[in-house]
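The structure appears right after this line, and notes come after that.
Labels below follow one simple rule: chain letters A, B, ... track the order of the sequence lines, proteins then strands, and each chain is numbered from 1. Everything quoted here is computed from the prediction, not taken from an experiment.
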Amino acid sequence: MSLQGYSAEVLDLLARAPGAGRPDGVGWVSGEAREPLTATHVRFHLQASAGRIAAARYEVRGCPHTIALAALAAAWLPGRAPAEVVLDVRALAARLQAPIGKLGRFLVVQEAIGAAALQLAGRPA
Amino acid sequence: MSLQGYSAEVLDLLARAPGAGRPDGVGWVSGEAREPLTATHVRFHLQASAGRIAAARYEVRGCPHTIALAALAAAWLPGRAPAEVVLDVRALAARLQAPIGKLGRFLVVQEAIGAAALQLAGRPA
Amino acid sequence: MSAPPLYFDHAATTPLDPRVRAAMFASLDAAPGNPSATHAAGRAARERVEEARAEVGALLGAPAAAIVFTSGATEADNLAILGAGRARPGGHVVSLRTEHRAVLDACRRLEREGHRLTLLTPARDGRVDPAAIAAVLGPTTTLVSVMLVNNETGVIQDIAAIAAECRRRGVLLHVDAAQAAGRVPLDVSVLEADLVSLSAHKIHGPVGVGALYVRREPRPALQPLLVGGGQEGGLRPGTLPVHQLVGMGAAFRLARISGPAEAAALGLLRDRLWSALADLPGTYLNGHPTARAPHILNVSFEGVDGEALLAGLGGLIVASGAACGAESGEPSYVLRALGRDDALAQASLRFSLGRGQTAPEVDAAAAQVREVVLRLRSLAPA
Amino acid sequence: MSAPPLYFDHAATTPLDPRVRAAMFASLDAAPGNPSATHAAGRAARERVEEARAEVGALLGAPAAAIVFTSGATEADNLAILGAGRARPGGHVVSLRTEHRAVLDACRRLEREGHRLTLLTPARDGRVDPAAIAAVLGPTTTLVSVMLVNNETGVIQDIAAIAAECRRRGVLLHVDAAQAAGRVPLDVSVLEADLVSLSAHKIHGPVGVGALYVRREPRPALQPLLVGGGQEGGLRPGTLPVHQLVGMGAAFRLARISGPAEAAALGLLRDRLWSALADLPGTYLNGHPTARAPHILNVSFEGVDGEALLAGLGGLIVASGAACGAESGEPSYVLRALGRDDALAQASLRFSLGRGQTAPEVDAAAAQVREVVLRLRSLAPA
Ligand SMILES: Cc1ncc(COP(=O)(O)O)c(C=O)c1O
Ligand SMILES: Cc1ncc(COP(=O)(O)O)c(C=O)c1O
């Protein structure tokens, strides 16, 4: 019946979820990933321009740290090449003060981003 | 480290010990009894007149109930014949609200009185 | 932060009632009295202890002499189960998978000490059929332990019927009533239990004090957990914490006097809360729809993460199935025993109500929950 | 009754210090917080608990993490002895006949559970020679339990020397320090004990809370007495009674800050009391003349009945060897173990001093005792 305390940043990102939502314009690719045990489910939407990610949106069902990580990733992705989208999951976990047990869920975020990036990479720039 | 509460009568008799002391006149007989386990020690002094007990004094080392019983007995004895000096120990224990474990010590009081009375009975009236 | 958060976690612990507080303070301010001592202060302390004992007994319709004070329901559960089990080595013990950890772990300890253990799974509504218990009672069965009110779901078991089965076979019945006192009727002449665990802090008394009711006739033999000192008839040594016992007595007195009316009022609030949530799609009541204590409402929300739900409810203090027990991080074993999948067990909230709670608080809580659930669902992939 | 009786029974229990009282009341008035919960109130409760734990540890020079809270020293003694013994079945346990009942009865319980038990009799001055303990330690010895300060006589044992013998043979040492805290130095780096029992209410804290110090490195394995809940590192489950722990922390803080000066002052009062009694003929000091805690003075009076002596002292609250434990009615087993005959063991008074006691009170007590002793002797047959 209890949870660890959350950092102010996690609580803020959970409350605002900046960049969340399913985009409705054209030219977006999506990737998704799931982890059944915790019912974590992440979908990332990416838009590219000149071989770089131009915009990122996400949908997420997951714990506060997972939502916060998705939000951080969405802010971090624009400007990167699709091949560069490997999150430094350990550093981000430390920044978000996430317990070690959350790393598995963080990899779900990474996996969804990777899946979307793969599609971008497969497209003509 | 603890004791039962005492009735007001016991505390009063303990504090005053009416009739206690070793008489110094003549014509007294004495009887005594001991109970080694509790170091109870009782000595009764009786004086007779016309075949009846005329006065009673006592010395006592014992618990509050034993001291109280000795005091009650000393007040009750005058006027009795030496053959009548059997205390109603159970009734007195009830009156003094003594726990059942005290009956053994009460018999020490009885025994001392009996020993003194026996000497009275052996004398010419 | 704006307003202080609304407290909906009374099944975890309750605020001290001001009248209990006053009684405890008076006791703490009295002359120091070890109730085992016989000077005047000791006697006064003993009298206060015996009054408290009588008050605790009274709520159960039991004589004071049937009440053994402990440090809480955890200890009472242990004293009942380990105490009865160790006094009857090598027996068979029966309990439910939905019991409190103190009961389950004590049963498992007995199992390691050579007892046979049967843990039954209740029906999906949280209730166990007394016939299911009867079916596993055998000639070696020594003890059955079934709680009256479940601490997560509020589900009430049919103790009287279970007791009848136990009595028929000469089996002891222990009942954890930590969540039942002051909330549902608790008359031992109706329940017919041999051993009943109680706690003060679940009904606005102090934490750190509880009691075990031990039937008088026949009086079940118990091996004490603690030895040395002789207090509590040899069943529970240690200097008696008079202020704590006085607090428990005062809390049980209030429960006896105002419990029934209070339970009715809490039941209305609980229904109001459920009405305000039930029309959210994908919302499930956990536990039996009617056989339930008035102060607990347990609800699962489809499509949200339990931890995010709880974290989003900054203005509410409420328990979650997300991580029952800070260490484990696993979803509620109680809800899983009722057949909820991990996701629904985890995405559950236990609202528990207490003295002085109001309809506007309930409405505000419901509004917050609806908002957070809808918002989290809006974030989730379709 | 005239003036309220003078309290000389601090070894039984002490009045709550007003500063401890204030800390407890503040805690009781705080928002309800189950320290296992993680909402803000739960976190605040946990912080208060950890502060208290640190305070208790600090008096022992131990880290907070070495402190396990219990319901008192009785439970701490049981947890240490039963817990260490059951984790090492079939071993050999060594203790003294002058230990507190909680230690003796726990040792005897282990004996019934298949351990071998050696109970040593101290010398007539109440001290045990560390060599006498060393002499009985064998290859199967698992546990030695010796108290630091005896609760009846105040005699101090040479724990450091006993610990050295235990360490040499890899034997665990448990020390009941319920009467030692705040009265004599209690640094575990000096005492080198593995397990130390503590109580709050002997040093002006609340009744019903204590602690067991459990050495960290090496950390002795203990089988918990209670199971279910996981609190206190699994060694002691149950919702933590925050107000009680806060009270214990405050009491231990005061003991740490003012204990040494207070102990010196109490020692002077104790000496003053003894001087005022010692010239009565047939008056004997019980226990070692110098290796003694400052707050306890135990004196036997020849030629009087202990119960009558105590009953005559209406203006004093003092303990007596006459009936140690309300039930038994037998003279103090501790004094008998020191070679006092039944009569002298029974005709003993234990004066125990505490915070705020004054020289005029001591003088008044001595005068009362002299008067009653002389009067009872005057009643007795020569
Ligand atoms: C059903 C049940 N049993 C036992 C307990 C343990 O109670 P306590 O905190 O008094 O040890 C609780 C509360 O945590 C409970 O809800
Ligand atoms: C030496 C000793 N050990 C243990 C205890 C038991 O302490 P508590 O009352 O905290 O259980 C006491 C006090 O009664 C004591 O004096």
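- Among the candidates C:Leu79, C:Asn78, C:Leu16, the residue making the largest number of heavy-atom pairs closer than 4.5 Å to chain D is C:Asn78.
- Options C:Thr13, C:Leu240, C:Leu226, C:Leu225 differ in how many heavy-atom pairs under 4.5 Å they form with chain D, and the most are formed by C:Leu226.
- Only the side chain of D:His201 comes within contact range of chain C, judged by heavy atoms closer than 4.5 Å.
- Expressed to the nearest 0.5 Å, how far NE2 of C:His100 lies from CE of C:Met147 amounts to 7.0 Å.
- Between the side chains of D:Glu152 and D:Ser332, at least one donor-acceptor pair of N or O atoms lies under 3.5 Å.
- Within the 4.5 angstrom heavy-atom criterion, no atom of D:Ser199 approaches chain C.
- Among residues two or more places apart in sequence or in another chain, the ring pair (Phe, Tyr, Trp, His ring centres under 6.0 Å) test is passed with C:Phe8 by none.
- Counting heavy-atom pairs closer than 4.5 Å to chain D, the top-ranked of the candidates C:Thr70, C:Val207, C:Thr239, C:Leu104 is C:Val207.
- Every residue was checked against the ring pair (Phe, Tyr, Trp, His ring centres under 6.0 Å) condition with C:Phe69, not counting sequence neighbours, and none meets it.
- Contact of D:Asp29 with chain C is made through the side chain alone, with heavy-atom distances under 4.5 Å.
- Using bins of under 30°, 30° to 60° and over 60° for the plane-to-plane angle, the ring pair C:His243/D:His243 lands in the perpendicular bin.
- For a residue to count as touching a neighbouring chain, one of its non-hydrogen atoms must lie under 4.5 Å from one of that chain's; by this rule C:Glu75 touches chain D with backbone and side chain alike.
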